[in-house]
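These values consider heavy atoms only, across backbone and side chains, with no hydrogens, waters or symmetry-generated copies.
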Amino acid sequence: MKIYDFEAGEVLAFDKPLHWTSFNLVKIVRNNLSRRLGVKKLKVGHAGTLDPLASGVMIICTGKATKQIDQLQAGTKEYIATLRLGCTTASFDAEHPVDATFPTAHITREMVEEGLKKFLGSIWQVPPVYSACKVEGRRAFDYVRQGEEVELKAKELVIDEIEMLDLHLPEQGIVSPHAQEVVATVREGVNIKEGNGRKQLLEHAEQGPVEEKLVEVTPEDCPYLQIRVVCSKGTYIRALARDIGQALGSGAYLIGLRRTRVGNISIEDCLAASDVEKWAAEVPIVEKENNV
């Protein structure tokens, strides 16, 4: 049985829930471990942010293991992404409402399979303006909030693997058995107000799950594509959704994202966030004077 020494340093893996910020999960882990150790504050950090509208593998380091964060962040990542076809949003995900619609009747399974191949290997990607990318010392989304234009430069990244897992094109008679379930995840706004976008989402997420407002869509008017992507550090899956939509002669935005692997740590290795309190109270630890 492993004996944990959180002050000396441990690398831990958790399954971040949908709508939680990365900081929210770090805070819960830190508070519970500090309480167990009887210390006022424990050094804790995460190795790679996940948006509130994404779930899955999050690596959290404690104590001296926080020095490994840069190395862990550089690891290859795997995602399961669901793209709604025929629509776009300003943020390329469900954080903002649909701002444009496009035809999808011309899209075929063969077109999708061939289109995905174009993204294999080394590619150049322009990050979303609704992101924390720095431009002259300021985050890109800060410019957008203040009504200023911002231009982001394309960055080189690597897509090691990309494959189609599910496809729903009702106009062509391609109907997925999972369509009803996927359509239920299509959300509008997620409590986002124009002008404060991501900031308000983060504030809501710090207080717990965000209340959802479902868009009135049906499987018949919601074509979608689900893919598995293995990629390098710095890849924006939201931007990949945008680019895939364009490659198909249409539009697309992200309606579901789950990170299933970081380096050699997979989702099966992760502890559920709901189990953190019980785990922290019971996990075997190195006994020290302040733990007695």
Side-chain angles (χ1 to χ4, degrees), residues 15-19 50-57 76-89 91-96 98 101-120 123 125 128 157 159-188 190 212 214-215 217-232 235-262 266-268 270:
D15 184 351
K16 187 191 85 65
L18 187 67
H19 298 318
L50 262 182
D51 280 353
L53 294 183
S55 65
V57 180
T76 298
K77 299 171 179 67
E78 179 184 72
Y79 296 91
I80 303 299
T82 306
L83 289 57
R84 184 182 183 187
L85 303 174
C87 306
T88 57
T89 72
S91 55
F92 314 144
D93 65 6
E95 180 183 318
H96 288 79
V98 169
T101 58
F102 303 84
T104 58
H106 64 284
I107 301 175
T108 64
R109 183 182 296 274
E110 292 71 27
M111 180 186 294
V112 172
E113 292 174 341
E114 288 302 312
L116 292 180
K117 292 178 183 178
K118 298 176 182 178
F119 295 94
L120 270 174
I123 65 171
Q125 182 186 80
L157 51 91
I159 305 292
D160 293 308
E161 299 177 43
I162 185 168
E163 66 170 327
M164 177 173 65
L165 298 180
D166 192 16
L167 184 64
H168 181 65
L169 295 172
E171 288 179 292
Q172 291 84 328
I174 301 174
V175 178
S176 168
H178 310 292
Q180 194 66 52
E181 177 185 349
V182 171
V183 166
T185 69
V186 181
R187 299 175 175 91
E188 180 180 21
V190 196
E212 300 166 9
L214 295 180
V215 178
V217 296
T218 66
E220 288 70 35
D221 58 20
C222 185
Y224 69 81
L225 163 67
Q226 187 176 76
I227 58 176
R228 182 182 70 89
V229 181
V230 178
C231 56
S232 64
T235 304
Y236 280 92
I237 307 299
R238 290 184 287 136
L240 182 61
R242 169 203 62 198
D243 296 341
I244 290 174
Q246 292 174 354
L248 295 175
S250 184
Y253 72 94
L254 202 61
I255 58 173
L257 183 64
R258 185 156 175 78
R259 188 158 69 191
T260 50
R261 182 169 60 82
V262 175
S266 68
I267 194 69
E268 291 77 20
C270 296

Please list, one pair per line, the donor and acceptor atoms closer than 3.5 Å that link side chains of residues 109-116 to other protein atoms, with sequence neighbours excluded.
from, atom 1, to, atom 2, distance (Å)
Glu114, OE2, Lys117, NZ, 3.0

Donor-acceptor pairs under 3.5 Å, side chain of residues 243-251 to any protein atom, not counting sequence neighbours: which ones?
from, atom 1, to, atom 2, distance (Å)
Ser250, OG, Pro103, O, 2.9

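A search for side chain to side chain contact (heavy atoms under 4.5 Å, CB included) contacts involving Asp166 returns Ser176, His178, Tyr224, Gln226, not counting sequence neighbours. Partners of Arg258 under the salt bridge (Lys or Arg N to Asp or Glu O under 4.0 Å) rule, at least two apart in sequence or in another chain, are Asp15. Residues satisfying the ring-ring contact (aromatic ring centres under 6.0 Å, His included) criterion with Phe92, sequence neighbours excluded, are absent altogether.
Gly86 and Thr104 make their closest contact through CA-CG2, 3.4 Å (heavy atoms, listed as atom of the first residue, atom of the second, distance). Across every non-hydrogen atom of Ile267 and Gly56, the tightest pair is CD1-CA, 3.8 Å. Taking each heavy atom of Ala94 and Tyr253 in turn, the nearest pair found is N-CD1, 4.2 Å. Closest of all the heavy-atom pairs between Ile107 and Leu85 is CD1-CD1, 4.5 Å.
Atom CG of Asp51 and atom NZ of Lys16 lie 8.0 Å apart (nearest 0.5 Å). Between the CD1 atom in Ile227 and the CZ atom in Phe119 there is a gap of 9.0 Å [rounded to 0.5 Å]. For the atom pair SG of Cys270 and CZ of Arg261, the computed distance is 12.0 Å after rounding to the nearest 0.5 Å. Within the model, atoms CD of Gln125 and CZ of Arg242 stand 6.0 Å from one another, a figure rounded to the nearest 0.5 Å.
Under 3.5 Å, the side chains of Thr108 and Gln172 contain no donor-acceptor pair of N or O atoms.
Side chains of Thr260 and Val57 form no contact here, defined as non-hydrogen atoms less than 4.5 Å apart.
The backbone N or O of Ala54 lies less than 3.5 Å from no partner atom in the side chain of Arg259, so there is not a single donor-acceptor pair.
Listed by first and then second residue, the salt bridge (Lys or Arg N to Asp or Glu O under 4.0 Å) pairs involving residues 222-231 are Glu78-Arg228, Glu161-Arg228, Glu163-Arg228 (not counting sequence neighbours).
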What do the steps show when you test Ile237 against Cys231 for side-chain contact (heavy atoms from CB on, under 4.5 Å), and what is the final call? CA-CA 9 Å; Ile237 307 299; Cys231 56; 4.2 Å; yes

